[in-house]
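What follows is one structure encoded as structure tokens, with my remarks underneath.
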Amino acid sequence: MKKLDKLQGFGGAQGPVVAIVLDGFGIAPDGAGNAVALANMPNTKAVMEKYPMVQLKAHGTAVGLPSDDDMGNSEVGHNALGSGQVFAQGAKLVSSSIESGKIFTAKGWTEIAANCKANSSTLHFIGLFSDGNVHSHIDHLKALIEQAKKESIANVRIHILLDGRDVGETSALEYVDPFEEFLASINDDSFCAKIASGGGRMTITMDRYEANWKMVEEGWKIHVLGEGRQFTSAHEAIETYRSEAKVIDQDLPGFVIAENGVPAGTINDGDSVIFFNFRGDRSIEISKAFEEADFDKFDRVRFPAVCYAGMLEYDGDLHIPSRYLVNPPEITNTLGEYLANTGVTQFAISETQKYGHVTYFWNGNKSGKYNDETETYIEIPSDIVPFEQRPWMKCAEITDKLVEAIRSSEYKFIRVNFPNGDMVGHTGSLEATIVGLEALDLCMARILAAVDAANGIALITADHGNADEMYEINKKTKLPAQNKDGSFKSKTSHTLNPVPCVIYDNFTSDKYSVKISGSYGLSNVAATVVNLMGYAAPDMWDESIVDIND
């Protein structure tokens with residue numbers, strides 16, 4: 001059994017160590033689009049100025065992504081925070097598997113392809129349609145389509161989920177138009193690939209944590225049943241909806257591509273379906289809808305017998321989906337597992353939108369607890385409203401339960417995620433994001449007071465940037481990019497900026513020193529946490545950012 005050893009000469013915090021993850025809270029130069037800098041956050045900013053703070057890398061190779069041009073995200077960020085290690089993550093795994101050709105000889109793909117050929121049926125692809133490299137990458141999709149043609153699969157239909165979140169908020173046509181040219185270049189008398197349906201990622205299909213099954217139901221109607229407003233092309237659908245609805249890509253309504261009233265690609269018995277997202281959180285619900293015979297979340301109307309696969313296995317414990325193309329990273333020796341085996345009591349809390357991040361992703365993509373007796377998880381239900389309309393989200397309710405847990409003296413390690421900076425930041429509304437951060441700062445005062453009353457330590461960090469850069473940056477001038485009318489171009493994606501790691505300790509800070517000058521990432525947090533609790537970190541973890549004084 002993997003247990004932690006006590007440190008020599010330092011017994012750790014008398015009270016709990018509280019890891020506070022301010023989701024989407026990066027560090028960037030002051031500027032017009034920096035909601036973190038613009039927000040009135042006296043409590044949080046005072047802590048960042050007064051207490052030792054290290055900047056952590058939260059993107060690219062520091063969290064297991066292919067290159068340092070890749071933005072971090074909440075999933076890989078919490079994997080790194082909770083495991084103390086860097087594992088090759090979804091995008092890198094898939095790219096490597098495609099480059100080597102291994103993906104096309106593995107069981108998942110061969111079964112998908114064999115089903116199409118045995119039934120002379122259609123191969124459908126559903127997924128996020130961009131090169132954001134957070135949930136998916138369009139190059140992966142193209143490679144799979146090209147392989148389908150090589151293997152004489154005659155008909156391919158693509159169901160596109162428009163991004164506008166991990167890429168530019170109105171960039172959909174920058175992907176659709178070249179993709180249509182790509183399809184035209186490979187289509188011939190024996191091969192026909194078409195876009196069959198689509199819609200914004202926050203409107204259909206890509207719900208997570210069962211926050212809004214209505215999204216998945218709408219996606220089912222669009223993709224499977226072919227029920228929805230019809231257009232002759234995705235280009236026409238996007239331009240029409242932009243004109244009518246005045247919304248960005250992620251919020252565009254669903255659409256069906258049809259000719260003479262006949263949908264281009266409903267999903268039928270005998271077909272094969274691949275959900276080509278590699279990230280798991282927004283892939284699980286649609287996978288359940290395709291695979292579960294006793295599914296009861298909505299009326300599917302028609303449940304086609306298909307051969308279904310995900311790009312990865314999205315839930316390793318529940319084995320969702322049952323078939324996948326690439327093996328996910330095996331994340332082992334996590335912080336949660338070591339604490340559970342050592343008998344350390346743990347408490348994890350967030351609202352629905354990020355609950356899985358402080359549980360499933362923190363625990364290395366593991367559902368459930370390591371020890372039911374020593375671990376308590378609390379989920380505060382998220383509101384189903386546009387986040388810019390209620391930017392404070394559930395930070396007050398989370399804080400109520402968090403403060404209660406700190407005061408209880410029942411838990412030695414507590415972790416919490418506040419989604420405001422990320423979820424509101426994704427809306428592109430600078431004003432709403434500022435409000436969300438300011439609401440969170442009020443909560444910070446309550447939390448730190450409780451930590452002090454319990455003789456505890458707070459470690460304040462983030463999983464990636466977002467709210468720190470709410471306007472697109474001109475790559476040449478390094479200043480906010482402007483539209484033709486002089487307004488700034490909203491940015492809805494994550495950033496490449498570092499995140500803070502502040503150690504708030506008013507009781508034992510003389511027992512250790514913080515390595516301010518080092519170069520660290522999110523994976524250095526786990527060792528830091530156990531050191532602050534009075535334990536030595538396992539050898540396989542990345543080093544702590546504190547040195548215990550002799």
Checklist entry - Among Ile380, Asn420, Asp400, Val416, whose side-chain contact (heavy atoms from CB on, under 4.5 Å) with Cys395 holds? => result Asn420
Checklist entry - Are His140 and Ser95 close enough that a side-chain donor and a side-chain acceptor fall under 3.5 Å? => result yes
Next on the checklist: Do His59 and Asp68 have side chains that approach each other closer than 4.5 Å (heavy atoms only, starting at C-beta)?
Outcome noted: yes
Checklist entry - Stepwise, does the salt bridge (charged side-chain N to carboxylate O under 4.0 Å, His left out) test hold for Glu543 with Lys515? => result CA-CA 11 Å; Glu543 67 175 292; Lys515 306 172 189 175; 2.8 Å; yes
Checklist entry - Considering all heavy atoms of both residues, which atom of Asp485 and which atom of Ser487 are nearest to each other, and what is their separation? => result OD1-OG, 2.6 Å
Checklist entry - Can you name the nearest heavy-atom pair linking Ala211 to Glu285, along with the distance? => result N-OE2, 4.4 Å
Next on the checklist: Give me the atom names and distance for the closest heavy-atom approach of Met215 to Asp207.
Outcome noted: CE-N, 3.6 Å
Next on the checklist: Does either side chain, that of Tyr370 or that of Thr334, offer a donor lying less than 3.5 Å from an acceptor on the other one?
Outcome noted: yes
Next on the checklist: If I take atom CG from residue Asp163 and atom CD1 from residue Ile138, how far apart are they, to the nearest 0.5 angstrom?
Outcome noted: 10.5 Å
Next on the checklist: One pair to check against salt bridge (charged side-chain N to carboxylate O under 4.0 Å, His left out): Asp422 and Lys354. What are the steps and the verdict?
Outcome noted: CA-CA 10 Å; Asp422 187 44; Lys354 296 291 181 176; 2.7 Å; yes
Item to check | side chain to side chain donor-acceptor pair (under 3.5 Å) contacts in which one or both residues fall within residues 37-54, not counting sequence neighbours | outcome: Asn43-Asp441, Thr44-Asp441, Tyr51-Asn506
Checklist entry - Would Asp23 and Asn417 satisfy side-chain hydrogen bond (donor to acceptor under 3.5 Å, both in side chains), going step by step from the backbone distance to the final call? => result CA-CA 6 Å; Asp23 212 297; Asn417 179 296; 2.8 Å; yes
Next on the checklist: Could you check whether Ser74 and Asp463, counting side-chain N and O atoms only, form a donor-acceptor pair closer than 3.5 Å?
Outcome noted: yes
Next on the checklist: Contact between Tyr520 and Lys57 at the side-chain level, heavy atoms closer than 4.5 Å - yes or no?
Outcome noted: no
Next on the checklist: What verdict does the side-chain contact (heavy atoms from CB on, under 4.5 Å) test give for Thr427 and Thr492, after you've listed the backbone C-alpha separation in whole Å, the side-chain angles of each residue and the deciding distance to 0.1 Å?
Outcome noted: CA-CA 6 Å; Thr427 69; Thr492 56; over 6 Å; no
Checklist entry - Taking side chain as C-beta onward, heavy atoms only, is Ile20 less than 4.5 Å from Phe418? => result yes
Checklist entry - Which atom pair, heavy atoms only, marks the closest approach of Val424 to Pro391? => result CG2-O, 3.5 Å
Next on the checklist: Quiz question: by atom type and distance under 3.5 Å, do the side chains of Asn531 and Thr528 form a donor-acceptor pair?
Outcome noted: no
Checklist entry - Thinking salt bridges, do Glu75 and Arg282 make one under a 4.0 Å N-O criterion? => result no
Checklist entry - How many angstroms lie between atom CZ of Phe129 and atom OG of Ser171, to the nearest 0.5 angstrom? => result 10.5 Å
Checklist outcome for this item: Test side-chain contact (heavy atoms from CB on, under 4.5 Å), reference Asn73, set Asp166, Val134, Asn133, output is Val134
Checklist outcome for this item: Shortest non-hydrogen pair, Leu162 vs Asp249, comes out as CB-O, 3.9 Å
Checklist entry - Do Asn365 and Asn79 have side-chain N/O donor and acceptor atoms under 3.5 Å apart? => result yes
Item to check | Worked check of side-chain hydrogen bond (donor to acceptor under 3.5 Å, both in side chains) between Tyr504 and Asp452 | outcome: CA-CA 9 Å; Tyr504 176 88; Asp452 284 339; 2.5 Å; yes
Item to check | Glu379 and Thr352 side chains, donor-acceptor separation under 3.5 Å | outcome: yes
Checklist entry - Is there a side-chain contact between Glu169 and Lys491 (heavy atoms, below 4.5 Å)? => result no
Next on the checklist: Could you walk me through whether Glu210 and Lys288 satisfy the salt bridge (charged side-chain N to carboxylate O under 4.0 Å, His left out) test, starting with their C-alpha distance in whole Å, then the side-chain angles of each, then the deciding distance to 0.1 Å, before giving a yes or no?
Outcome noted: CA-CA 11 Å; Glu210 302 192 10; Lys288 288 182 176 181; 3.3 Å; yes
Checklist entry - Considering only heavy atoms from C-beta outward, does the side chain of Lys412 approach that of Val17 to under 4.5 Å? => result no
Checklist entry - Any side-chain heavy atom of Leu4 within less than 4.5 Å of one from Leu339? => result yes
Item to check | Check: Asn277/Tyr314 side-chain N/O donor and acceptor closer than 3.5 Å | outcome: no
Checklist entry - Are the side chain of Asn363 and the backbone of Tyr360 linked by a donor-acceptor contact shorter than 3.5 Å? => result no
Item to check | Tyr512 OH to Leu7 CG distance, which is reported to the nearest 0.5 Å | outcome: 12.5 Å
Item to check | Test of ring centre spacing under 6.0 Å for Trp392 and Phe387 | outcome: no
Next on the checklist: Between Arg165 and Gln250, is there a side-chain donor-acceptor contact under 3.5 Å, judged purely by atom types and distance?
Outcome noted: yes
Item to check | Donor + acceptor pair across side chains of Arg279, Gln89 (<3.5 Å) | outcome: no
Next on the checklist: Is it the case that the side chains of Asn497 and His464 hold a donor-acceptor pair, with the cut-off being a distance below 3.5 Å and no angle test?
Outcome noted: no
Item to check | Test side-chain contact (heavy atoms from CB on, under 4.5 Å) applied to Met540 and Thr332, step by step | outcome: CA-CA 10 Å; Met540 81 287 296; Thr332 57; over 6 Å; no
Item to check | Cation over ring face, Lys6 and Tyr535, 6.0 Å, 45° | outcome: yes
Checklist outcome for this item: Heavy-atom closest pair (Thr433 atom, Ala35 atom, distance to 0.1 Å) is CG2-CB, 3.8 Å
Checklist entry - So Trp362 and Phe413, would you call those rings parallel, tilted or perpendicular, with 30° and 60° as cut-offs? => result tilted
Checklist entry - Below 4.5 Å, heavy atoms only, C-beta onward: do Pro419 and Ser350 meet side chain to side chain? => result yes
Checklist entry - Does the pair Lys394 and Glu397 meet the rule for a salt bridge (charged side-chain N to carboxylate O under 4.0 Å, His left out), with working shown? => result CA-CA 5 Å; Lys394 290 293 184 177; Glu397 291 89 337; 3.7 Å; yes
Next on the checklist: Let me confirm one number: the CG-NE2 distance from Asp131 to His137, rounded to the nearest 0.5 Å.
Outcome noted: 4.5 Å
Next on the checklist: Can a side-chain donor-acceptor contact be found between Glu351 and Ser382 if the only test is distance below 3.5 angstrom?
Outcome noted: yes
Next on the checklist: I need the Thr376 OG1 to Phe347 CZ distance, nearest 0.5 Å.
Outcome noted: 7.0 Å
Checklist entry - Does some side-chain heavy atom of Ile349 sit less than 4.5 Å from a side-chain heavy atom of Val358? => result no
Checklist entry - Cut-off 3.5 Å, side chains only: do Tyr471 and Asn34 have a donor facing an acceptor? => result no
Item to check | Worked verdict on Val499 versus Gln55 for side-chain contact (heavy atoms from CB on, under 4.5 Å) | outcome: CA-CA 6 Å; Val499 301; Gln55 294 189 15; over 6 Å; no
Item to check | Qualifying residue, where the test is side-chain contact (heavy atoms from CB on, under 4.5 Å) with Ile460 and the options are Val18, Val21, Leu22 | outcome: Leu22
Next on the checklist: Please evaluate residues Met533 and Val529 with respect to the criterion side-chain contact (heavy atoms from CB on, under 4.5 Å), reporting the C-alpha separation (whole Å), side-chain torsions for both, the decisive distance (0.1 Å), and the verdict.
Outcome noted: CA-CA 6 Å; Met533 297 176 69; Val529 165; 4.0 Å; yes
Checklist entry - Any cation-pi pair here, Lys369 with Tyr377, using under 6.0 Å and within 45°? => result yes
